[in-house]
Amino acid sequence: MIAVQESLFAILSEKMGIPSAELRPDTTFEDLDLDSLALIELSVSIQKSFGVVVDEMELSPERRLGEVVAVIDAKARPA
Amino acid sequence: MKLREPIGLSAGSWYPPGWQSTGQALAGGELDSRSARDLGYAGVPVATTEAPPEMAVSAARAVLDRAGCPAETLSLVLHASVHHQGHDAWSAPHFIADRLDARRAIPIGLLQQCNGGAAGIDLIVSRLQGDPDAGPGLVTTADRFLLPSWDRWRGDYGMAAGDGATAVLVHRLAERPAELELHATASTVAADLEIMHRGNDTFEAAPLGHGPINVRRPKRDFIAAFGGERFVKTAADAIRTAVRQALRDAGLAGDDERLRYAVLPRLGARAMQEAYIPPLAELTGAEQLDLGRSTGHLGAGDLNASLADLATTDLLAPGQYALVLNGGGGFTWTAMVVRRPSTPTSRPSTPTSRPSTPTSKETAS
């Protein structure tokens with residue numbers, strides 16, 4: 001989980017330009033204020049980095065980054 | 001395109017009696033609540049029995065009747081569409097011309113994606129300006145977006161597709177009274193963005209070779225390869241250029257009080273807020289008019305449907321202008337400036353079958 005969180009935060013800071021200080025597990029997507037193309041871009045980046053699809057619709061405004069980390073971790077874990 | 005003199009327009013739209021509300025789509029699981037919020041549509045017309053070329057004929061007949069324009073005087077019948085017209089290896093434009101008895105018109109199909117209707121008006125204006133003997137031209141658009149080939153709610157990002165048809169008669173002002181005068185039309189293009197609708201897909205030998213139409217897939221490929229910012233920046237520059245040129249050619253400043261409206265395309269509310277409204281608001285403080293909340297995105301017909309609404313309602317007072325903006329995959333953007341004639345013409349006896357409910361927002365600029 002820690003590795004997933006670090007990678008996700010790296011995508012958000014390096015690719016999306018969000019200051020690292022704003023990235024915490026309880027940060028919501030509403031806090032990040034990403035436009036719809038940025039959310040698609042994040043979904044694409046998650047797919048490239050983790051090999052799992054988290055549809056941009058799952059990145060809803062009320063969703064916390066920690067929850068997305070858990071979703072990625074669950075989807076990436078071998079069944 | 002520089003107009004030597006204003007061109008007359010008469011415009012109408014035709015919508016099927018069927019209509020699906022966003023609430024019905026939500027209840028049926030065709031849409032999620034967040035997408036519904038982002039799209040901001042009340043609902044969309046649905047044509048289960050009417051084929052697109054038939055809808056185009058209905059829209060065109062009403063416009064020709066209102067304008068008192070005999071179909072045999074038409075020099076061109078241009079038909080723009082995005083999706084399947086009902087038959088393969090067949091000419092929908094010829095069907096439309098035949099049903100209208102437009103015996104001398106050359107029928108031509110326009111496949112320019114969602115700006116096709118606007119391109120049709122441009123082409124007829126060119127014809128009228130280049131050939132003094134050319135009769136008026138007619139542009140129709142028509143589409144329907146049905147499963148299994150097109151998921152109207154989820155087939156693309158930032159819009160839901162509505163079914164319907166439009167018709168715009170483009171004529172010399174000296175020929176007959178106009179419902180609207182076209183004072184300027186300006187188009188810009190970014191052909192390098194065609195890949196947004198192709199992505200990494202291979203060229204196929206048969207239609208729908210990639211399965212049902214899903215524009216989200218190639219757009220994700222595009223964003224993975226180039227990032228979303230490339231589109232946003234290119235679109236903003238292109239919209240600014242088209243709007244600036246159209247206003248200049250019409251002799252209007254962005255804050256001219258005669259410019260009553262800046263009319264938006266019929267995309268989802270959030271997509272317009274992110275891609276269209278910022279560059280538009282930079283150049284004009286005219287009230288933004290959104291006529292698409294009850295129609296959805298009409299394929300090639302958004303701009304033409306808005307002309308129809310301006311032509312068949314009292315939104316514009318005599319002497320007032322509107323700037324009408326549109327864009328389409330490829331990509332192409334068009335801004336047109338139209339004016340309600342100072343001398344009122346007779347009011348349409350056959351208004352659009354489902355007038356859009358206008359919503360507007362004052363811009364901050």
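Protein chains get the first letters and strands the later ones, always in sequence-line order, with residue 1 at the start of each. Quantities reported herein were computed from a predicted structural model and do not represent experimental measurements.
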- Task: Count the heavy atoms of every other residue, nucleotide or ligand shown that sit under 6.0 Å from NZ of B/Lys233, and state whether that count exceeds 12.
- Result: no
So CE of A/Met16 and CD of B/Glu229: to nearest 0.5 Å the spacing works out to 10.5 Å
Smallest heavy-atom separation, A/Glu41 atom then B/Gly228 atom, equals OE1-N, 3.2 Å
One should read off an interatomic distance between B/Tyr157 OH and A/Ile40 CD1, to the nearest 0.5 angstrom, of 4.5 Å
So CZ of B/Arg270 and OG of A/Ser36: to nearest 0.5 Å the spacing works out to 5.0 Å
Honestly, the part of A/Leu39 sitting under 4.5 Å from a heavy atom of chain B is side chain
Among residues 218-227 of chain B, those lying within the under-4.5 Å heavy-atom range of chain A are B/Arg220, B/Ile223, B/Ala224, B/Gly227
Item to complete: State, with a plain yes or no, whether a side-chain heavy atom of A/Glu56 is found less than 4.5 Å away from one of B/Arg34.
Response: no
Turns out that what part of A/Ser43 lies under 4.5 Å from chain B's heavy atoms comes down to both
query = Counting only heavy atoms not in B/Glu194, do more than 12 fall under 6.0 Å of its CD?
reply = yes
Okay, A/Gln47 and chain B: the region with an atom under 4.5 Å from a heavy atom over there is side chain
